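I have placed the structure first, in the form of structure tokens, so that the comments after it can refer back to it.
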Amino acid sequence: MNAAPAYRTCGLLVASCLLAGLPGVGSVAGGPEPLSAQTPEQRYSDWVRPGFRPQEYEFRRNRILDGLRATGGGLLLVPSSDGITHGETFRQLEDFWYLTGLEVPQSMLVLDARRDISILFMPQSDPRFENPGRPNDFPGRPLLDDYQIRGIGGADDYRDVAELEGFLRERVGRGEILRVNAGVAGEVPNPVVPLVGSLDPTASLIRRLRDDHPEAEFVNAFEIVARLRMVKSPAEIMRMRRAADATMRGIRTAAALVRPGVDERTLQGEFERTCREAGAQSIPFTPIIKSGPNSLWPWRVLAAHYNRRNRTLQDGDLVIFDVGCEINGYVSDVGRTFPVNGAFTEVQREKLLVSTRAAEAVIAAVRPGVTLRELTQVAYDAIPDEEEPYMQTPSFFGHHIGLSTGDPALLDEPLAPGMVFTIEPWYYNHDLGVSVFVEEVLLVTDDGAEVLTDALPRDPDALEELVP
């Protein structure tokens with residue numbers, strides 16, 4: 001059908017209806033008539049993922065308040081996400097989610113050490129559910145006056161976010177210290193707005209607070225927050241087990257497709273499909289599946305150009321999986337190396353064993369009281385001297401995980417039961433054109449470590465068996 005005549009016909013029909021005053025179309029003077037059945041106002045509890053018991057969030061906030069009082073007091077400001085998306089599903093900022101269990105936007109949790117209370121500043125309603133031009137599609141969602149919300153996170157006091165600026169002026173005027181989690185240890189930085197790019201939410205908060213309250217004293221709460229978040233509760237560990245299980249299942253199903261002629265995105269798609277089938281709501285980072293020459297480059301280099309993430313596998317290649325998934329807010333991060341033709345060469349096997357032996361040495365050394373810095377030395381002791389230049393690591397060949405693959409960590413904090421982190425001794429040898437690695441998720445126990453990803457083999461012979 002030719003589109004132009006159809007549009008003209010529709011236009012004439014609508015015009016005729018308007019002039020005739022037919023019902024259901026509207027009138028020239030008054031515009032569209034209201035819909036006969038308005039969709040009901042939405043409620044927060046009808047939309048959100050399951051959280052933890054209110055007592056768990058209360059326990060976390062109380063431990064943070066204890067840490068604030070022990071280090072000089074003050075107000076800790078914990079911002080939520082602004083709720084603005086560019087097509088992705090909303091994901092709450094980690095500290096806010098950790099301390100409230102709420103997926104509300106444009107809010108601020110304030111932990112007041114002087115008064116020993118938590119105050120949640122929220123909008124009256126959720127702006128994402130409002131559009132006066134489309135009331136049936138955007139029926140509104142109350143927040144501040146929804147008492148079901150108050151039963152989820154259990155804060156001590158709830159106030160309109162419009163009151164936040166006045167609250168801070170009054171408290172800073174009395175000499176109150178302002179605390180933020182700057183993301184790393186050290187002094188609170190003084191962020192500068194770049195000419196190109198933007199500030200992250202924490203930097204934006206710090207910049208605004210410094211502009212509004214130049215007289216205030218700022219103190220970093222990173223170490224207080226990190227010490228608490230590093231130790232996972234049984235409920236958190238249960239979610240991380242599920243995420244690890246889903247990831248291992250995804251790697252197995254994708255590995256069954258590995259063969260010459262298959263491209264990397266086909267493997268990525270199979271991995272993601274399997275994870276979501278196993279209950280994952282999202283993927284915390286674009287799965288890193290890289291083969292042949294691609295395997296020699298870190299993910300940030302490959303991600304610099306979209307098409308570098310879709311090479312076709314060739315006979316004799318290695319293909320590396322560095323992947324994870326997210327279940328109810330908690331993530332996994334697992335790695336394995338496979339031979340594309342089903343058999344490692346002698347050199348490939350030798351280099352893979354450099355990585356696996358370093359990982360196994362670290363796993364054997366994990367126990368309460370050991371520090372991550374000490375584990376770094378354990379790894380290097382297990383790596384042959386001539387191979388050390390090819391081992392890539394900023395710290396201890398791994399990272400803490402939980403709400404993200406970059407959970408806060410303190411290298412000199414003694415390990416304690418409940419801590420969860422990865423071990424990933426990457427090996428990049430550009431001279432030989434060989435890159436390999438394994439990545440395991442470890443849970444610190446009372447007397448050692450449990451490898452949450454141990455059901456997925458890392459031995460070269462067993463890895464070969466997963467490839468058809």
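What you see is a predicted model; the values in this text were computed from it and never measured. Position 1 is the first residue of the sequence, and the numbers go up from there.
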Here's one to test your reading of the geometry: is the NZ or CZ of R128 within 45 degrees of the ring axis of F90 and under 6.0 Å from its centre? yes
Short side-chain to backbone donor-acceptor contact, S435 and S295, under 3.5 Å: yes
Please check if the side chain of T253 supplies one atom and the backbone of G250 the other of a donor-acceptor pair under 3.5 Å. yes
Please check if the side chain of D46 supplies one atom and the backbone of Q42 the other of a donor-acceptor pair under 3.5 Å. no
Would a distance-only check, ignoring hydrogens and angles, find a side-chain to backbone donor-acceptor pair under 3.5 Å from T376 to L372? yes
Can D112 and R179 be counted as an ion pair, charged N to O under 4.0 angstrom? no
Identify the two heavy atoms, one from L403 and one from E94, that lie closest to each other, and give their separation to 0.1 Å. CD1-O, 3.5 Å
Is a salt bridge present between R53 and E58, judged by a nitrogen-to-oxygen distance below 4.0 Å? no
Do R63's NZ or CZ and the ring of F59 fall within the cation-pi criteria of under 6.0 Å and 45°? yes
Grab the two heavy atoms, one from V192 and one from R207, that are nearest each other, plus how far apart they are. CA-NH1, 4.0 Å
Got more than 12 heavy atoms from elsewhere within 6.0 Å of CZ, R43? yes
Any donor-acceptor pair under 3.5 Å from T371 side chain to P414 backbone: no
Is any side-chain heavy atom of L93 less than 4.5 Å from a side-chain heavy atom of S80? no
Kindly say whether P201 contributes a backbone atom to a donor-acceptor pair with the side chain of S204 at under 3.5 angstrom? no
Compare all side-chain heavy atoms of D407 with those of R229 and state whether any distance is below 4.5 angstrom. yes
Mind listing the closest non-hydrogen atom pair of M122 and Y158 along with its distance? CE-CD2, 3.9 Å
Check whether R458 reaches the backbone of E360 with its side chain - one donor and one acceptor, N or O, closer than 3.5 Å. no
Answer whether the closest heavy-atom distance between the side chains of R367 and D447 falls below 4.5 Å. no
Against the six-membered ring of Y98, is R60 placed for a cation-pi contact (under 6.0 Å from the centre, within 45° of the normal)? yes
Counting only heavy atoms not in E88 (residues, nucleotides, ligands), do more than 12 fall under 6.0 Å from its CD? yes
So with a 6.0 Å cut-off around CD of E215, is the heavy-atom count from everything else above 12? yes
Counting N and O atoms only, with roles assigned by atom type, does the side chain of R91 sit under 3.5 Å from a partner on the main chain of G329, one being a donor and the other an acceptor? yes
So, D212 and R208, do they make that salt bridge, N to O below 4.0 Å? yes
When you compare the side chain of N341 with that of V467, does any pair of heavy atoms fall below 4.5 Å? no
Side-chain heavy atoms of E439 within contact of W426, under 4.5 Å: no
Determine yes or no for a side-chain-to-main-chain donor-acceptor pair under 3.5 angstrom, with R309 supplying the side chain and P287 the backbone. yes
Answer yes or no: is there an ion pair linking D156 with R61, defined by an N-O contact shorter than 4.0 Å? no
Can a donor-acceptor pair be found, under 3.5 Å and without considering hydrogens, that links the side chain of T337 to the backbone of V436? no
Closest non-hydrogen atom pair, M391 against F397: CB-CE2, 4.0 Å
So, do L109 and S118 sit near enough that their side-chain heavy atoms are less than 4.5 Å apart? yes
Below 4.5 Å, heavy atoms only, C-beta onward: do L415 and L375 meet side chain to side chain? yes
Salt-bridge contact D116-R69 (side-chain N to carboxylate O under 4.0 Å): yes
Any salt bridge linking R241 with E450? Criterion: basic side-chain nitrogen under 4.0 Å from a carboxylate oxygen. yes
Using every non-hydrogen atom in the two residues, find where I149 and L143 come nearest and quote the distance to one decimal. CD1-O, 3.5 Å
For F218, does the six-membered ring have the charged nitrogen or CZ of R210 within the cation-pi criterion, i.e. under 6.0 angstrom from the centroid and within 45° of the normal? yes
Is R239 close enough and on-axis enough to F52, meaning under 6.0 Å and within 45°, for cation-pi? yes
Using the ring of each side chain (for Trp, its six-membered ring), is F121 parallel, tilted or perpendicular to F167, with breaks at 30° and 60°? tilted
Any heavy-atom pair between the side chains of Q268 and T286 that's under 4.5 Å? yes
For the residue pair F321 and F338, does the interplanar ring angle fall in the parallel (under 30°), tilted (30 to 60°) or perpendicular (over 60°) class? perpendicular
